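One structure below.
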Amino acid sequence: MFSFAGRYTYALGAVIGAPGLTALSTRWPRKRLLLVAMGLFTLGNAVVSLSDALTPMLIARFASGLGHGVFLAVASSVATQLAGRHRAGAAVAVVFGGLTLALALGVPLGTYLGSVLSWQVIFMAVAASGAIGFLGLLALMPTDRNDASAQANAMDGLKAMFNPRLLAGAGITVLAYAGSFALYTYISPILLQVTNVSESTASLLMLGYGVMAAIGNIWGGRLTDRRGADFAVITVLVGLAVVLLAIWASAPSLPLMVLLTGLLGALTYAAVPALQARVIGLSHIHAPQAPAVAAGLNIAGFNGGIVLGSLLGGASLEAMGLTSMAWVGAVAVGLGIVWMLWQMRGTRAQRTEVPG
């Protein structure tokens, strides 16, 4: 019960925190905001490890989700500013590299530790990792005396939160991740019951998913910098839709599922730098004073898409069976492709109308 409620409470915190708190703290120096976000994340996980009642646990999970959302929003925005627009994809990939490495190594390790240690110890270990990150930021991140955030205000941030162009960009992220996680949330039952592998083999396939996710994150960043964010997003979304349909058709085949599970991880996380760099790029045009808020909207899009995908997958599982989640996910990604092409067409038309 706590696992289910805690996961969605954490995601809700990230969805609210990423754009909302980032907007309200627009004038804060970036280092201070990153420290507060990391401190909130750390404190939330520490409280979870020490609690024995559901309500304080859920409040603490919500608080740690707030910290998570704000941190990723601000960190990705700062990274793209430091690297420059021509290196925005690689900069975002570096920021999210830790997340994908945690997926590749932390999830299997956490699963193993969860079988030999109590869940309280696991959350305390997460809090300890957050504390190390806090100290690292405090000691190593320089304070920018000419912080551009000082030129903005909370109203700029709130306006950016409701900018239709930025919301439309984050909407692509929601659809992409809803499609991917409609399947991924329930991929273990598919592997165990349709592909008919053992639990140890399923764990290896999920490890492969994580390793390929780390590789895909780097590739997505490089593709974004070489060919532009629009091209990278379309390429990744088309590939993701094809892989989801292939899984629907090939789930009983172990050799194909080894390949397709890895590709699912690679494409899902190749989308991260492409989508994030695209929305931050839109902010340079439509909300130049609030790039971190734009990044926060997209972080909210990732987390919202994950929640929506798990709900979508659960509904299709109940109505149509295990493998239906793959084609349902492909439909969601397909809607994202259509919406992306429509946005690109609108952008081209707008450029054409601008007098030279």
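Just so it is clear, the model here is predicted, and its values are computed rather than measured.
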Determine whether a donor-acceptor pair (N or O, by modelled atom type, separation under 3.5 Å) exists between the side chain of Thr268 and the backbone of Gly265.
no
Does the pair Met344 and Ile234 meet the rule for a side-chain contact (heavy atoms from CB on, under 4.5 Å), with working shown?
CA-CA 10 Å; Met344 291 170 63; Ile234 282 292; 3.7 Å; yes
Knowing that exactly one of Thr80, Val92, Asp225 qualifies, which makes a side-chain contact (heavy atoms from CB on, under 4.5 Å) with Arg87?
Asp225
Would you confirm whether Asn298, through its side chain, and Ala294, through its main-chain N or O, come within 3.5 Å as a donor-acceptor pair?
no
Is the backbone of Ala73 close enough, under 3.5 Å, to the side chain of Ser77 for a donor and an acceptor to pair up by distance?
no
side-chain contact (heavy atoms from CB on, under 4.5 Å) evaluation trace for Phe302 with Gln276:
CA-CA 10 Å; Phe302 285 123; Gln276 191 75 346; 3.7 Å; yes
CG of Leu207 to CE of Met212, rounded to nearest 0.5 Å, is 12.0 Å
Is the backbone N or O of Ala270 less than 3.5 Å from a side-chain atom of Asn217, with the two atoms forming a donor-acceptor pair by type?
no
Roughly how far, to the nearest 0.5 Å, is CG of Leu308 from CG of Leu175?
8.0 Å
How far does CH2 of Trp28 sit from CG of Leu34, to the nearest 0.5 angstrom?
11.5 Å
Looking only at atom types and distance, does a side-chain atom of Thr185 sit under 3.5 Å from a main-chain N or O of Ala182, one as donor and one as acceptor?
no
Whether the side chain of Asn303 engages the backbone of Val15 through a donor-acceptor N/O pair (distance < 3.5 Å, no angle test) should be reported.
no
Should the pair Arg345 and Trp342 be classed as cation-pi, given the thresholds of under 6.0 Å to the six-membered ring centre and 45° from the axis?
no
For Leu183 and Ile190: C-alpha separation, side-chain torsions, deciding distance, then whether side-chain contact (heavy atoms from CB on, under 4.5 Å) applies.
CA-CA 9 Å; Leu183 173 70; Ile190 293 176; 3.3 Å; yes
For the hydrophobic clusters of this structure (ILVMFWY residues joined by side-chain heavy atoms under 4.5 Å, transitively), does one cluster hold both Leu264 and Tyr186?
yes
Heavy-atom closest pair (Val307 atom, Ala11 atom, distance to 0.1 Å) is CG2-CB, 3.4 Å
Would you indicate whether Trp219, at its atom CH2, is surrounded by more than 12 heavy atoms from other residues, nucleotides or ligands within a distance under 6.0 Å?
yes
Considering all heavy atoms, the nearest Gly321-Ser324 contact
O-OG, 2.6 Å
Looking at the rings of Tyr184 and Tyr209, which for Trp means the six-membered one, are their centres under 6.0 Å apart?
yes
Do you know which two heavy atoms are closest between Phe134 and Leu35, and how far apart they sit?
CE1-O, 3.3 Å
Taking all non-hydrogen atoms of both residues into account, name the closest pair between Leu138 and Lys31 and its distance.
O-NZ, 3.1 Å
Say whether, by atom type as modelled, one donor and one acceptor occur between the side chain of Ser64 and the main chain of Arg61 under 3.5 angstrom.
yes
Point-to-point distance, once rounded to the nearest 0.5 Å, from OG1 of Thr224 to CG of Asp230
10.0 Å
Of all heavy-atom pairs between Leu244 and Ala326, which one has the smallest distance, and what is that distance?
O-CB, 3.3 Å
So, for Ala251 and Thr323, which heavy atoms are closest and what is the spacing to 0.1 Å?
CB-CG2, 4.0 Å
With a 3.5 Å distance limit and no angle check, can you tell me whether Thr201 reaches the backbone of Val197 through a side-chain donor-acceptor pair?
no
Walk me through whether Met57 and Phe123 qualify under side-chain contact (heavy atoms from CB on, under 4.5 Å).
CA-CA 11 Å; Met57 287 181 185; Phe123 275 98; over 6 Å; no
Are the side chain of Ser253 and the backbone of Ser250 linked by a donor-acceptor contact shorter than 3.5 Å?
no
Under 3.5 Å donor-acceptor, Ser180 side chain and Ala176 backbone
no
